Amino acid sequence: MTKVNDIVVIVGSLREDSINRKVANSLIEIAPPSLKLSIVEIGQLPLYNQDIDANPPAAWTSFRDRVKAADAVLFVTPEHNRSVPAAMKNALDVGSRPYGHSVWNGKPGAVVSASPGAIGGFGANHHLRQSLVFLNVPTMQQPEAYIGAADKLFDQNGKLTNEGTRTFLQNFMQSFSKWIAANAKSQQQE
Ligand code: FNR
């Protein structure tokens, strides 16, 4: 029987009508049966501060526990000033500490960026990848996913109406499923 993998989805936007949240919801809808995805919220995480590592806020602990329990992580992010939004970076930092107890270590990952702009959040996508190298998240290289003109892809109910994008994202998730299977070993060694 094929294993069903538990995937946490981290959305880098906090706004209610976020395009990236719509992308994330579409990915959840079209994912193959081998992947069970759920969004883990990051807006409630206090800014990382090493001074409170010994007595962490409950929001940090529940976030760390949830990510730690997952088989893989999918990042869906906007681009802010050609980089990763502060909320997303904070979530990475919170999950990476205390030193030696990073919840990211060895967890297979993938990155999708979406923007109304033409280059689809390329800068954020690659700045995020830079951190993921250090955090030892084996991150899927291909296919890449830079979703440009992303404000034009959804109807007023947030449903993905662009068939080309739907097919692209379906293929992306199929590849991610294979990537997770191929990289599951790095987690078992933890
Ligand atoms: C942006 N936006 C933006 N877009 C882009 O393609 N490259 C960029 O560098 C930036 N920079 C940027 C900075 C800040 C502070 C904001 C608020 C916005 C525009 C951004 O892509 C747009 O607001 C998207 O709608 C954000 O994604 P969500 O929130 O809809 O998921």
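Throughout, numbering of the chain's residues begins at 1 and tracks the sequence. Keep in mind the model is a prediction, meaning the values are calculated, not measured. Every number for a ligand or one of its atoms is a count from 1 in the order of the listing. Scope of the values below: all heavy atoms of this structure, side chains included, with no hydrogens, waters or symmetry mates.
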Single-linkage hydrophobic cluster F176~V11, side-chain heavy atoms < 4.5 angstrom: yes
State whether R66 and D6 are salt-bridged, where the test is any N-O pair (Lys NZ or Arg NE/NH1/NH2 against Asp/Glu carboxylate O) under 4.0 Å. yes
Set of residues that line ligand 1, where lining means a heavy atom lies under 4.0 Å from it: S13, R15, S18, I19, N20, P78, E79, H80, N81, R82, S115, P116
If the threshold is 4.0 Å, N to carboxylate O, is there a salt bridge linking E41 and R21? yes
Is there a donor-acceptor pair under 3.5 Å between the side chain of R97 and the backbone N or O of N49? no
Could you tell me whether K22 and D17 make a salt bridge, using a distance below 4.0 angstrom between a side-chain N and a carboxylate O? yes
Under a 3.5 Å distance rule, please check whether N81 uses its side chain to pair with a backbone N or O of S83 as donor and acceptor. no
